[in-house]
Asks: 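Below you'll find the structure I mean.
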Number of protein chains: 2
Amino acid sequence: MAEVSDEVFSERKRGSGVKLVYEMLRDEILTLALAPGKPIDEVHLAERFGMSRTPIREALVRLAGEGLVETLPNRSAIVANIDFSKLHTFFDAITLMYRVTTRLAGQYHQPEDLKVIRAHQARYAAAVAAQDPLAMIAVNRDFHAAIAEAGRNPYYTALTLRLLDEGRRILRLYYQSFNDRLPQEYSDEHNAIIAAIEARDTDLCDRLAREHADQIVRQIRQFFGRDMRQDVPL
Amino acid sequence: MAEVSDEVFSERKRGSGVKLVYEMLRDEILTLALAPGKPIDEVHLAERFGMSRTPIREALVRLAGEGLVETLPNRSAIVANIDFSKLHTFFDAITLMYRVTTRLAGQYHQPEDLKVIRAHQARYAAAVAAQDPLAMIAVNRDFHAAIAEAGRNPYYTALTLRLLDEGRRILRLYYQSFNDRLPQEYSDEHNAIIAAIEARDTDLCDRLAREHADQIVRQIRQFFGRDMRQDVPL
DNA sequence: TGCATTTTATTTGTCGACAAGAAATCGACA
DNA sequence: TGTCGATTTCTTGTCGACAAATAAAATGCA
């Protein structure tokens with residue numbers, strides 16, 4: 001078990017403890033630094049972050065609320081497992097959310113939204129050019145999150161964020177195992193989506209978002225389809 | 001401020017405390033027994049439920065995760081406000097979720113799903129016949145939640161549940177102020193939806209769900225539109 | 001040796017207490 | 001009398017400790 005070096009933070013501000021633990025654990029879960037199914041020991045974390053169990057506990061409860069950790073009564077919480085048998089529901093949902101949020105972004109976006117979206121896309125292109133999967137995955141999430149924000153429907157935004165986060169783990173698994181080079185196409189599709197949003201062509205937004213989602217889903221489904229067949233012994 | 005009688009529960013099982021507080025607070029929030037914006041005092045709740053602040057706190061964190069309470073740093077948590085300025089995003093989202101989940105229910109439902117759905121619909125019809133708005137509102141939520149479950153997409157189900165809960169507060173406000181009699185139409189529409197699901201006619205499911213949502217939205221929007229104009233002084 | 005049972009150990013759930021931060025109260029001063 | 005500042009009060013955020021519940025180890029027995 002890889003043991004991280006002691007991270008003792010001295011004299012934090014009151015109330016910053018939970019946020020720190022929450023964000024750090026969240027990032028470690030989404031980058032697969034913490035493997036799905038791994039037990040999470042509260043006292044261990046308390047020692048690692050140099051604080052009491054109380055704020056650790058609150059962070060875990062929050063993460064459990066987002067479905068990132070699973071808690072069993074009187075037993076250790078564990079990093080949420082990825083349910084491959086329900087992967088198709090994930091693909092369904094994220095395709096719909098890509099479509100809806102991009103469409104709404106085309107309808108409701110304001111000038112400064114586009115600046116934010118473009119900034120993320122620039123970072124995305126840079127990550128692809130640098131062949132940095134981890135950065136690409138994180139920025140991809142930020143890119144679509146910014147589009148969802150521009151659509152200005154908090155309910156859609158919330159679900160989209162949840163799906164994008166789950167997607168980070170799936171994409172990480174994908175690029176980790178496959179070790180494929182990062183394709184340029186997605187970056188081009190992002191640019192086309194930006195153009196459609198700026199032109200306020202909602203139907204085009206919808207179509208491009210759907211095609212974008214379909215392409216990613218097709219590629220990943222193909223990979224995991226192979227992988228899952230391997231998991232079934234005969 | 002109406003003070004509830006002391007509810008001291010003796011010798012609860014370990015771990016049941018948070019669940020109790022969570023469910024009770026949740027219900028009081030959704031039935032508007034606790035007014036939106038009302039501050040929530042932890043020690044007060046601790047005394048009321050006869051337990052320490054720790055489980056109360058955990059319940060509040062969970063409710064905050066669902067958007068039912070809002071927490072401010074070093075300040076009292078408050079019952080989440082209903083943002084009337086974003087009501088249209090709520091209508092948008094619940095209409096889409098009605099359509100998607102009902103369509104999926106038509107596609108993926110199993111025999112026992114229909115039994116559950118029908119049972120809820122029977123309770124719904126009874127509540128309408130008895131002109132009991134509170135029961136009708138709660139059962140309406142259960143009815144559509146059961147349909148979402150039958151659709152077997154946990155992401156859609158989660159968003160639908162959140163919207164249905166928020167809808168409970170809005171409907172309560174509606175029937176509380178308007179004091180309208182409960183219409184029979186919704187019950188008939190529910191029966192039509194059940195028939196479409198059973199027939200596995202996904203397109204009909206979609207259309208009926210949309211019409212069902214549109215009708216409710218139209219009625220409520222009309223009411224709140226009036227009400228909101230009153231809030232704007234000239 | 002293999003299995004059931006008791007004992008130990010580990011980890012969570014809850015508690016009471018204390019300190020920090022913000023709101024409310026009080027008081028000084030113009 | 002009104003305003004600004006200090007003080008008090010009130011509420012939350014965090015801590016350390018203890019007990020319940022589960023898991024692991026040890027023991028007894030066939």
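Computed from a prediction, not measured in an experiment: that's the story for all the values here. Naming: A, B, ... by sequence-line order, numbering from 1 per chain.
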Asks: Mind listing the residues from residues 61-70 of chain A sitting with a heavy atom below 4.0 Å of DNA chain D? Number order is fine.
Replies: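 The stretch gives none, as no residue of it lies under 4.0 Å from the strand.
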Asks: Between Arg75(A) and dA23(D), does any side-chain N or O lie under 4.0 Å from OP1 or OP2?
Replies: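 Result: yes.
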Asks: Figure out the CD/P separation between Glu42(A) and dT14(C), and round it to whole Å.
Replies: 11 Å
Asks: Given dT14(C), dT12(C), dT14(D), which nucleotide is nearest the side-chain atoms of Pro55(A)?
Replies: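 Selected nucleotide: dT14(D).
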Asks: Taking side chain to side chain donor-acceptor pair (under 3.5 Å) as the definition, give me every residue that meets it alongside Asp83(B), ordered by chain and number, with sequence neighbours left out.
Replies: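 With neighbours one apart ignored, the set is Ser85(B).
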Asks: Applying salt bridge (Lys or Arg N to Asp or Glu O under 4.0 Å), name anything that partners Glu149(B), two or more places apart in sequence or on another chain.
Replies: none
Asks: Please list, for nucleotides 16-20 of chain D, all pairs of protein and nucleotide N/O atoms separated by less than 3.5 Å.
Replies:
residue: dA20(D); atom: O4'; partner: Arg14(B); partner atom: NH1; Å: 3.4
residue: dA20(D); atom: N3; partner: Arg14(B); partner atom: NH2; Å: 3.3

Asks: For Glu58(B) and Lys13(A), take the nucleotide of DNA chain C holding the closest heavy atom to each; which residue's nucleotide lies nearer the 5' end?
Replies: Glu58(B)
Asks: With Tyr156(B), which residues qualify under ring pair (Phe, Tyr, Trp, His ring centres under 6.0 Å), at least two apart?
Replies: none
Asks: For residues 73-80 of chain B, which side-chain N or O atoms pair as donor and acceptor with protein atoms under 3.5 Å away, sequence neighbours left out?
Replies:
residue: Asn74(B); atom: OD1; partner: Arg14(A); partner atom: NE; Å: 2.9

Asks: Can you sort out the partners of Arg168(B) under salt bridge (Lys or Arg N to Asp or Glu O under 4.0 Å), two or more places apart, ordered by chain and number?
Replies: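 Residues passing salt bridge (Lys or Arg N to Asp or Glu O under 4.0 Å) with Arg168(B): Asp27(B).
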Asks: Kindly write out the residues that satisfy ring pair (Phe, Tyr, Trp, His ring centres under 6.0 Å) with Tyr22(A), not counting sequence neighbours, or none if the list is empty.
Replies: none
Asks: Quick one: list whatever passes salt bridge (Lys or Arg N to Asp or Glu O under 4.0 Å) with Asp113(B), sequence neighbours left out.
Replies: Arg152(B)
